[in-house]
Amino acid sequence: MGVVDGVGESPFPDALGAGQVPVPHALLGPVLGFLGVWRGRGRGGYPTIEGDFAYAQEVRFSHDGRPFLAYEARAWLLDGDGAPLRPAARESGWWRLQADGRVEALVTQPTGITEILVGQAGEGAVDLVTDTVALTPTAKDVAATRRRYTLADGDSDTFTFVHELAAVGQPLQHHLSATLRRAAGQSTPPTSSWNSSVQ
């Protein structure tokens, strides 16, 4: 089983770590530290939402040897005791790495929002700002976002995420922040001399 019309599983699986096959493309150097599966908790709020809220999140970054990362994120709301309440934000997309650490990101949400973001990766951080937003006819009005992903100093197994949002007539302002940790059982990617190891 597993083969339909002579075709089995993809012979080109994604890698979740820098030491896995396929070898990462050289342009991925500035973001190798983000490869893997991450889980953590955060808090959010916005003027159009009554009160702050707590949430949990899982983020996955992988690659197939070409100069982009596949990105998936899903979140769920938590009650006052930290128990799951219901699914919340979900999105997927791609981080396209360019020379000198420039990043072009595509992020799509099932709520009818697609963003193209541009920014820079380097020194354990990725900072992305909206270039273009496309909305389906029934999507919430989102004008812009800014997303910052930062690996903790001295701890390559932790990163922080901050999301600013301009939506439904509100100016760009804080919306979400979370701290995520590398899921158990994953190897930590190398943090030094990436140029010599991947080129």
Mind running side-chain contact (heavy atoms from CB on, under 4.5 Å) on Phe34 and Val126 for me, showing each step along the way?
-> CA-CA 10 Å; Phe34 291 98; Val126 177; 3.8 Å; yes
Please report the C-alpha distance between Leu180 and Tyr149 in whole Å, then the side-chain angles of each, then the deciding distance to 0.1 Å, and finally whether the side-chain contact (heavy atoms from CB on, under 4.5 Å) criterion is met.
-> CA-CA 10 Å; Leu180 295 94; Tyr149 305 77; over 6 Å; no
Any chance you could lay out the side chain to side chain donor-acceptor pair (under 3.5 Å) test for Glu91 and Thr108, step after step, and finish with the verdict?
-> CA-CA 5 Å; Glu91 56 189 29; Thr108 301; over 6 Å; no
Dump the intermediate steps for side-chain contact (heavy atoms from CB on, under 4.5 Å) on Arg102 and Gln120, then the final yes or no.
-> CA-CA 5 Å; Arg102 289 178 292 117; Gln120 194 73 29; 3.6 Å; yes
Residue pair Arg147, Leu117: steps toward the side-chain contact (heavy atoms from CB on, under 4.5 Å) verdict | CA-CA 9 Å; Arg147 299 157 183 258; Leu117 305 107; 4.0 Å; yes
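Follow the hydrophobic side-chain contacts under 4.5 Å out from Trp38 and you never reach Leu78; the two are in separate clusters. Hydrophobic clustering, with ILVMFWY side chains joined whenever heavy atoms are under 4.5 angstrom apart, groups Tyr71 together with Leu97. Linking Ile, Leu, Val, Met, Phe, Trp and Tyr residues whenever their side-chain heavy atoms come within less than 4.5 Å places Ile49 and Ile113 in a single cluster. Linking ILVMFWY residues whenever their side-chain heavy atoms come closer than 4.5 Å, directly or via other members, leaves Leu128 and Leu106 in distinct clusters. Under a hydrophobic clustering in which Ile, Leu, Val, Met, Phe, Trp and Tyr are joined whenever their side-chain heavy atoms come within less than 4.5 Å, directly or via other members, Ile116 and Val31 fall into different clusters.
Side-chain atoms of Ser10 come within 3.5 Å of backbone atoms of Phe12 as a donor-acceptor pair (strictly under, hydrogens ignored). Looking at Gln173, its side chain does come within 3.5 Å of a backbone N or O of Pro171 through a donor-acceptor pair. In this structure a side-chain-to-backbone donor-acceptor pair under 3.5 Å is present from Tyr46 to Leu165. The backbone N or O of Ala83 lies less than 3.5 Å from no partner atom in the side chain of Asp81, so there is not a single donor-acceptor pair. Under a 3.5 Å cut-off, the side chain of Arg182 and the backbone N or O of Leu35 do form a donor-acceptor pair.
By the 4.5 Å heavy-atom criterion applied to side chains, His25 and Phe68 are not counted as neighbours. Two residues are said to be in side-chain contact when any heavy atoms from C-beta on lie closer than 4.5 Å; Leu135 and Asp141 meet this criterion. In this structure, Val59 and Val37 have side chains that are not in contact, with every pair of non-hydrogen atoms separated by 4.5 Å or more. Put simply, the side chain of Leu16 reaches to within 4.5 Å of the side chain of Arg60, judged on heavy atoms. At a threshold of 4.5 Å between non-hydrogen side-chain atoms, the residues Thr145 and His163 count as touching. Contact of the Tyr55 side chain with the Trp76 side chain is not registered, since no non-hydrogen atoms from C-beta on lie closer than 4.5 Å. Between Thr48 and Gln170 the shortest side-chain heavy-atom distance falls below 4.5 Å. Residues Trp95 and Phe61 form a side-chain contact, since some pair of their non-hydrogen atoms from C-beta on lies under 4.5 Å apart.
Nearest heavy-atom pair across Ala54 and Arg43 is CB-NH1, 3.5 Å.
Counted by atom type alone, Thr179 and Thr160 present zero donor-acceptor pairs between their side chains at under 3.5 Å. Residues Gln109 and Thr114 bring no donor and acceptor atom of their side chains to less than 3.5 Å of each other.
Salt bridge absent: Arg90 and Glu72 never bring a charged side-chain N and a carboxylate O closer than 4.0 Å. A salt bridge does not link Asp155 with Arg181: none of the charged nitrogens is closer than 4.0 Å to a carboxylate oxygen. A salt bridge links Glu58 to Arg39: one of the charged nitrogens lies within less than 4.0 Å of a carboxylate oxygen.
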